[in-house]
Amino acid sequence: MAIEINDTPTKEKSANFLEEIIQESIARGETRVQTRFPPEPNGYLHIGHAKSICINFGLAKKYGGKCNLRFDDTNPVKEDVEYVDSIKRDIQWLGFDWAIERYASDYFEQLYDWAIVLINKGLAYVDDQTQEAIREGRGTVSEPGKESPWRNRSVAENLDLFTRMKNGEFADGAKVLRAKIDMAHPNMLFRDPIMYRILHTEHHRTGNKWCIYPMYDYAHGQSDSIEQITHSICTLEFDVHRPIYDWFIQTLDIFPSHQYEFARLNLTYTLMSKRKLLKLVQEHTVTGWDDPRMPTICGLRRKGYTPASVRAFAEMVGVAKRDNVIDLSKLEYCVREDLNKIAERRMAVLDPLKVVITNYEEGRIEQFTAVNNPENEDAGTRQIPFSKEIYIDRNDFMEVPPAKYYRLSPGHEVRLRYAYLIQCQEVIKDADGKIIEIRCTYDPSSGNGSSSDGRRVKGVIHWVSAAQALSAEIRLFKPLFNKENPEEVEEGQTWEDNLDPESLVKISGFLEPSLRETPIGQAVQFERVGYFCPDTESTPNHLIFNRTVTLKDSWAKMNK
RNA sequence: UGAACUAUGGUGUAAUGGUAACACAGCAGAUUUUGGUUCUGUCGUUCCAGGUUCGAAUCCUGGUAGUUCAACCA
């Protein structure tokens, strides 16, 4: 008997509960894995959906299965092709491909036929009650409901009425089709759930063909079943729906898809409710769904997040069934980690302070060689111009420095990154006492890579040569909300009171000349500052850079 | 006051009856022409009470807390 030697030293990462479920089903001999990502096209996808996408597509990939994209388009009132298109774009951007693209509306005919089956079995009836009466009749979580007076209509009458509903004989709200189950059931969803409602509304795919539309509970499980989904994965709030999901499938005796639930993603300082995000867009609190402050996938993309960083984040937060709130710092860690490896370094001054090198020849321009990415030698080098007048960042100079301040201050010397050592000789102020210029001398023997006497200086600061500098608009983003949990409100306030008025700050800064042709969305690191990318609105004549994330700043932290 | 789900460091996730671990965050240090990166060290955890067991985060019982469900939304 051959001895199997497992010589792969890699320790298998422990399986999450969904992987265990799949592994168990495979062990039972059910080898086919078919998942689906089922968004309703009524808004843009956000980071929470990204988690779901990574789970559904990731699981299918890991177990040699397939993942479908299915639009849950059963409510034409809220849905639109604009959303369909954006959802497809975002999934592809994340790096996933669906096996097939389907719509719940593709199944309207089949769903209708199944409704007829249920009516014939005496398990569905047309109810003429008003919306209010139905709501009251449903009872509450602690009291049973009451049966509708229309509950015991004959099969023939139900068939006739349902056909006429379909044919458009009745107005919106006049009638609904309900499953006949149990008005006293402890699970509210079993108290004769509504299967169809009348909606004389044009549908973005079926046009005016239908005026009755199936409800989620009647459509979702059967849609899964039609696609022979083996693992229908959704978030925890659908947990109570699972019994009704199973009930329709079993009663109709169709392919047994099964539903599994995981805890949705929550992020500190972030709102994930589609309804509230829509409100921010509609009221122009943000510039659109792709505003870089939005937690949407397109917002993250515009801010400069990479697909790999979002996928790494989904992997990092894991999958489980308990409610969670993830620290925003985890997301930021994931982008920094990715961008550190791939983003080329550049110099940019965000809050300019002019420095004149008094002993440097007027009109002289030198070129210094700078490394593009210390993490990747293949990224090569570039030239950056140096001259008598440069800009440095205002916070790299202090007239009266605190202890351990390594940067520029009167009488002290710092290294200009990739260039000379300079020493501050004089501080020029305006009439109000504001510092407007610094005068320094440089050590001609201290050029990049050399130091005449081996003396070392702790401080290294970035700079941009004034004459060649590009001016640019820089957009600095903070979270939209200034409260860790934006839903938590004081008495008499709303979540909108937690909006941070300074979540977007636009400033104008100076960039080194090589930044001129940076393609939109291309990540660069402004050395010592953060990661940035040109905004979608950026043009050669009006450069706009978005801050993706700051660099870690232990000096700032130390001085908090 | 019904039902379902959940409970492990500050945060998230593991440990599948046998040494509570990994990551993020924090703190301290080393290296550094980015106060970045990298490296090293460090802090700190099983909701409560009983029970089963040689042994419990894990199994049982009972509490407690949180979340979800009463749209003709999904």
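Lettering follows sequence order; numbering is per chain, from 1. From a predicted model like this one, the values you see are computed outputs, not experimental measurements.
- Ring geometry, A:Y216 versus A:F238: the interplanar angle falls from 30° to 60°, so the pair is classed tilted.
- Here, B:G66 and B:G44 have their P atoms 29 Å apart, quoted to the whole Å.
- For B:A74, there is no paired nucleotide, since no Watson-Crick or G-U wobble pair has both relevant distances below 3.5 Å.
- Look at the C1' atom in both B:C39 and B:U53: the space between them is 45 Å, to the nearest Å.
- If you check distances only, the side chain of A:R528 never reaches the base of B:U34 with a donor-acceptor pair under 3.5 Å.
- B:C47 and B:G63 make up a base pair, with Watson-Crick or G-U wobble contacts both under 3.5 Å.
- Atom-to-atom, CG of A:N373 to C1' of B:U34 comes out at 12 Å; the value is rounded to the nearest Å.
- Taking the six-membered ring wherever Trp is involved, the centroid distance between the rings of A:F532 and A:F545 does not fall below 6.0 Å.
- Without hydrogens or angle criteria, A:H258 side chain to A:R242 main chain gives no donor-acceptor distance under 3.5 Å.
- Summary of the strand contacts: A:N16 and A:P374 both lie near RNA chain B, and taking for each the nucleotide with the nearest heavy atom, the more 5' one is attributed to A:N16.
- With hydrogens and angles ignored, a donor-acceptor pair closer than 3.5 Å exists between the side chain of A:E375 and the base of B:G36.
- Taking atom CG of A:N395 as the reference point, atom P of B:U34 lies 17 Å away to the nearest angstrom.
- Pair check for B:U11 finds B:A23; Watson-Crick or G-U wobble, both atom distances under 3.5 Å.
- Side-chain proximity of A:M558 to the nucleotides B:A3, B:G35, B:U33 is greatest for B:G35.
- Looking only at atom types and distance, the side chain of A:S148 has a donor-acceptor partner in the side chain of A:Q129 under 3.5 Å away.
- The aromatic rings of A:F190 and A:H185 lie parallel to each other, their planes meeting at an angle below 30°, with 60° marking the opposite boundary.
- Between A:Y333 and A:E337, the side chains place a donor N or O and an acceptor N or O closer than 3.5 Å (distance only, hydrogens not considered).
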Subject >> Full working for side-chain contact (heavy atoms from CB on, under 4.5 Å) between A:H204 and A:D80 >> reply: CA-CA 6 Å; A:H204 62 101; A:D80 196 277; 5.8 Å; no

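- In the set B:U13, B:C5, B:U33, the nucleotide with an atom closest to the side chain of A:L236 is B:C5.
- Nearest heavy atom pair, residue A:R36 against residue A:S232, reads NH1-OG, 3.1 Å.
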Sub-3.5 Å pairs of nitrogen or oxygen atoms, protein against nucleotides 71-74 of chain B:
| from | atom 1 | to | atom 2 | distance (Å) |
| --- | --- | --- | --- | --- |
| B:C72 | OP1 | A:R138 | NH2 | 3.3 |
| B:C72 | OP2 | A:R138 | NH1 | 3.3 |
| B:C72 | OP2 | A:R138 | NH2 | 2.9 |
| B:C72 | N4 | A:Q129 | O | 3.3 |
| B:C72 | N4 | A:Q131 | N | 3.3 |
| B:C72 | N4 | A:G173 | O | 3.0 |
| B:C73 | OP2 | A:R197 | NE | 3.1 |
| B:C73 | OP2 | A:R197 | NH2 | 2.8 |
| B:C73 | O3' | A:R197 | NH2 | 3.2 |
| B:C73 | O2' | A:N75 | ND2 | 3.0 |
| B:A74 | OP1 | A:T74 | OG1 | 2.7 |
| B:A74 | OP1 | A:R197 | NH1 | 3.4 |
| B:A74 | OP1 | A:R197 | NH2 | 2.9 |
| B:A74 | OP2 | A:Y216 | N | 2.9 |
| B:A74 | O4' | A:E40 | OE1 | 3.4 |
| B:A74 | O3' | A:D72 | OD2 | 3.3 |
| B:A74 | N6 | A:H241 | NE2 | 3.2 |

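- In this structure, A:V319 reaches the sugar-phosphate backbone alone: every heavy-atom distance under 4.0 Å involves primed, P, OP1 or OP2 atoms, never a base.
- In this structure, A:F510 has its ring center under 6.0 Å from that of A:Y391.
- Anti is the classification of B:A23, since its glycosidic angle lies more than 90° from 0.
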If you restrict it to nitrogen or oxygen atoms, what contacts under 3.5 Å exist between nucleotides 25-30 of chain B and the protein, and what is each distance?
| from | atom 1 | to | atom 2 | distance (Å) |
| --- | --- | --- | --- | --- |
| B:G26 | OP1 | A:K557 | NZ | 2.7 |

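- Checked by atom type and distance alone, the side chain of A:T130 pairs as donor or acceptor with a backbone atom of A:A133 at under 3.5 Å.
- Side-chain atoms of A:R345 come within donor-acceptor range of the base of B:U34, with a qualifying N/O pair under 3.5 Å.
- With a 6.0 Å cutoff to the six-membered ring centre and a 45° limit on the axis angle, A:K330 does not count as a cation-pi contact of A:F313.
- In this structure, B:U33 forms no base pair with any nucleotide, since neither Watson-Crick nor G-U wobble geometry is met with both distances under 3.5 Å.
- Taking the C1' atoms as reference points, B:U1 lies 35 Å from B:A56, given to the whole Å.
- Going from the C1' atom of B:G26 to that of B:U19 covers 26 Å, rounded to whole Å.
- Rounded to the nearest Å, the gap between the P atom of B:G41 and that of B:A21 is 15 Å.
- Nucleic acid contact class of A:Y405 (heavy atoms, under 4.0 Å, all strands): base.
- If you take atom C1' in B:G17 and the same atom in B:U52, they sit 11 Å apart, rounded to whole Å.
- The separation between A:N187 atom CG and B:C5 atom P is 11 Å, rounded to whole Å.
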**OP:** Could you check A:R345 against A:N373 for side-chain hydrogen bond (donor to acceptor under 3.5 Å, both in side chains), going step by step and ending with a plain yes or no?
**Re:** CA-CA 6 Å; A:R345 315 290 128 123; A:N373 186 351; 3.1 Å; yes

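- When rounded to the nearest whole Å, the span between CG of A:D323 and P of B:C47 equals 16 Å.
- Distance from the side chain of A:L551 is smallest to B:G36 among B:C5, B:A14, B:G36.
- One can place CZ of A:R264 at 10 Å from P of B:C69, the figure rounded to the nearest angstrom.
- Taking the P atom of each, B:C48 and B:U58 are spaced 10 Å apart, rounded to whole Å.
- Minimum atom distance to the side chain of A:W555 is reached by B:G35, of the listed B:U32, B:G35, B:G2.
- Across the strands present, B:A56 finds no partner; the criterion is a Watson-Crick or G-U wobble pair with both atom distances under 3.5 angstrom.
- Residue A:Y418 is classed as a base contact, given a heavy-atom separation below 4.0 Å to a base.
- Separation of the C1' atoms belonging to B:A4 and B:A70 is 14 Å when rounded to the nearest angstrom.
- At the heavy-atom level, A:V141 lies under 4.0 Å from base atoms of the strands shown.
- Shown here for A:R415 and A:G447, the closest heavy-atom pair between the two residues is NH1-O, 3.7 Å.
- A:S554 has a side-chain polar atom (N or O) that falls below the 4.0 Å cut-off from OP1 or OP2 of B:G36.
- Considering only the side chain of A:R407, B:G35 comes nearest among B:G35, B:U68, B:U33.
- Mapping A:N448 and A:I326 onto RNA chain B via the closest heavy atom, the residue that lands nearer the 5' end is A:I326.
- Among the heavy atoms of the strands lying under 4.0 Å from A:Q525 is at least one base atom, whether or not backbone atoms are also near.
- One can place CZ of A:F17 at 11 Å from P of B:A7, the figure rounded to the nearest angstrom.
- When the P atom of B:A3 is taken as reference, atom CZ of A:R191 falls 12 Å away, rounded to whole Å.
- Using a 4.0 Å heavy-atom distance criterion, A:V77 is classed as making no nucleic acid contact.
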